[in-house]
A.B. asks: 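I am attaching a structure below and will ask some questions about it afterwards.
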Amino acid sequence: MRPTGPPAWPARHVAQLVLASLVLQPLLLTLTLVDFARVWPDAADAPLVRALTHVSRVLRPGVPRDAPATGAALLREAALALQGVYITQAWFCARSASWHSVAAAYEAGSSRRDAQAQGHSIGQQLERIVLTTLAFPLLWAAALAVVLLAGAPLNGSYAGTAVLAAYLALLVLFPVVHLVGAPPSPMWTRVLAAPRLATPREVLVLVPAACAALGALAGAAGLALDWGRVWQTYPLPCVYGAAAGAVLGNALALALVGVRALRTALASPPPPPPAAPETRAQRRARRRAAP
């Protein structure tokens, strides 16, 4: 999927996008899904690990301390972590929607002050997030149908399938519906008919969603391995793969937009040289020729 046209975004606006999509969202997802006290048991008393563990507990309240690392315990923790994943995605989508509105103003040639005025207030962000959240049951049902069609077990592991569908709804469908809308629409018709015609802002939304779905599919390979590790409990590999795919998709989308903009800039003709200043003789001749 290649974007069309170079985005007319100033460096400061791009830096905000990079900070949100490559630093803050990955950090919050990591703190939500990873138990640092269990990953680094020898350094559990270190100040940094204790701080990371505390933030992780805040993002997934209800996780018991010092719980045994069994498959059932990890699945329960993944279900509780949905609270933190929702908070992360709600914040990220709200900020992204405001960022996209400002970016559209820049693309239209607005000044910095006029473009910044197009950003969403906190009240507008909350209103839009609430409306998208109200549609979450439908998003979960759609994700559940896809998971079942992809081969999820029908005779057991119902809780695992429901948890996986919730993660896919949050990581794949929630950003798409909030930022570009659900199909059918002219945008979806254009993108599905010719993906190379996707605009840069559409690429920033659709590529991470596609990578999250592919990451969940790739994570299913971990279920087939006979290593006997607790993290192979269904659907944990798919959950981790979806989160990793969303993060890598952000980086890939930024790279696609940047490469396309660079290629367009290199292919565009150089600006004409500045005109030579008018000499005194030329000014006299022009005045004589004037009626």
Side-chain angles (χ1 to χ4, degrees), residues 25 28-29 32-33 59-63 70-94 96 128-185 187-188 191-192 205-225 230-250:
Q25 188 204 29
L28 290 174
L29 289 177
T32 303
L33 296 174
L59 289 172
R60 47 177 187 170
V63 174
T70 62
L74 291 181
L75 177 57
R76 182 172 182 270
E77 291 182 12
L80 293 173
L82 283 169
Q83 303 168 78
V85 174
Y86 168 75
I87 294 173
T88 299
Q89 290 298 93
W91 164 81
F92 181 72
C93 291
S96 296
R128 290 168 59 92
I129 283 296
V130 168
L131 292 176
T132 306
T133 303
L134 292 177
F136 181 78
L138 296 177
L139 303 181
W140 177 82
L144 180 63
V146 173
V147 169
L148 293 175
L149 291 175
L154 295 174
N155 56 351
S157 302
Y158 302 119
T161 301
V163 168
L164 176 58
Y167 272 96
L168 291 179
L170 286 174
L171 295 172
V172 178
L173 301 180
F174 196 92
V176 172
V177 171
H178 187 78
L179 296 174
V180 300
S185 68
M187 186 279 296
W188 281 104
V191 170
L192 293 177
V205 178
L206 299 179
V207 168
C211 289
L214 293 176
L217 184 61
L223 301 173
L225 301 176
V230 292
W231 59 263
Q232 292 179 271
T233 303
Y234 173 78
L236 296 180
C238 299
V239 169
Y240 301 148
V247 173
L248 294 177
N250 287 336

A.B. asks: Using every non-hydrogen atom in the two residues, find where L171 and A243 come nearest and quote the distance to one decimal.
C.D. replies: CD1-N, 3.7 Å
A.B. asks: Can you name the nearest heavy-atom pair linking W188 to A182, along with the distance?
C.D. replies: NE1-C, 3.7 Å
A.B. asks: Tell me, please, which residues at least two apart from V247 pass side chain to side chain contact (heavy atoms under 4.5 Å, CB included).
C.D. replies: P26, L29
A.B. asks: Can you name the nearest heavy-atom pair linking W231 to L236, along with the distance?
C.D. replies: O-CB, 3.4 Å
A.B. asks: Under the criterion side chain to side chain contact (heavy atoms under 4.5 Å, CB included), I'd like the reasoning laid out for Y86 against T133: C-alpha separation, chi angles, the key distance, then a yes or no.
C.D. replies: CA-CA 9 Å; Y86 168 75; T133 303; 2.7 Å; yes
A.B. asks: Measuring from atom CG of L214 to atom CG of L248, what distance do you get when rounded to the nearest 0.5 angstrom?
C.D. replies: 11.0 Å
A.B. asks: Just so I know, are the side chains of L223 and C238 near enough to count as touching, which here means a heavy-atom distance under 4.5 Å?
C.D. replies: yes
A.B. asks: Between CD1 of I87 and OG1 of T32, what distance do you get to the nearest 0.5 Å?
C.D. replies: 8.0 Å
A.B. asks: Can you measure from OH (Y234) to CG (L75) and round to the nearest 0.5 angstrom?
C.D. replies: 10.0 Å
A.B. asks: Can any side-chain N or O of T70 pair as donor or acceptor with the backbone N or O of A73 at less than 3.5 Å?
C.D. replies: yes
A.B. asks: As a quick check of understanding, evaluate side chain to side chain contact (heavy atoms under 4.5 Å, CB included) for L173 and W140, giving each step before the final call.
C.D. replies: CA-CA 9 Å; L173 301 180; W140 177 82; over 6 Å; no
A.B. asks: Taking all heavy atoms of L170 and all of F136, pick out the closest pair and write down the distance.
C.D. replies: CD2-CE1, 3.6 Å
A.B. asks: Counting C-beta onward and ignoring hydrogens, is there a side-chain heavy-atom pair between V172 and Y167 closer than 4.5 Å?
C.D. replies: no
A.B. asks: Quick one: salt bridge (Lys or Arg N to Asp or Glu O under 4.0 Å) partners of R128, sequence neighbours excluded?
C.D. replies: none
A.B. asks: Applying side-chain hydrogen bond (donor to acceptor under 3.5 Å, both in side chains), can you list everything that pairs with S96, at least two apart in sequence or on another chain?
C.D. replies: none
A.B. asks: Is there a side-chain contact between F92 and L28 (heavy atoms, below 4.5 Å)?
C.D. replies: no
A.B. asks: Go through it in stages, so that I can follow the logic: the residues are V180 and V205, the test is side chain to side chain contact (heavy atoms under 4.5 Å, CB included), and I'd like the CA-CA distance, side-chain angles, deciding distance and then a yes or no.
C.D. replies: CA-CA 8 Å; V180 300; V205 178; 4.1 Å; yes
A.B. asks: Compare every heavy atom of Q25 with every heavy atom of W91, then report the nearest pair and how far apart it is.
C.D. replies: CZ3-N, 4.2 Å
A.B. asks: Begin from the C-alpha positions of C93 and I129 and carry the test side chain to side chain contact (heavy atoms under 4.5 Å, CB included) through to its verdict.
C.D. replies: CA-CA 8 Å; C93 291; I129 283 296; 4.2 Å; yes
A.B. asks: Please find the pair of heavy atoms, one from A165 and one from A143, that lie closest to each other, and give the distance.
C.D. replies: O-CB, 3.4 Å
A.B. asks: Roughly how far, to the nearest 0.5 Å, is CG of L139 from NE2 of H178?
C.D. replies: 12.0 Å
A.B. asks: Quick check for you: to the nearest 0.5 Å, what is the distance between L59 atom CG and T88 atom OG1?
C.D. replies: 6.0 Å
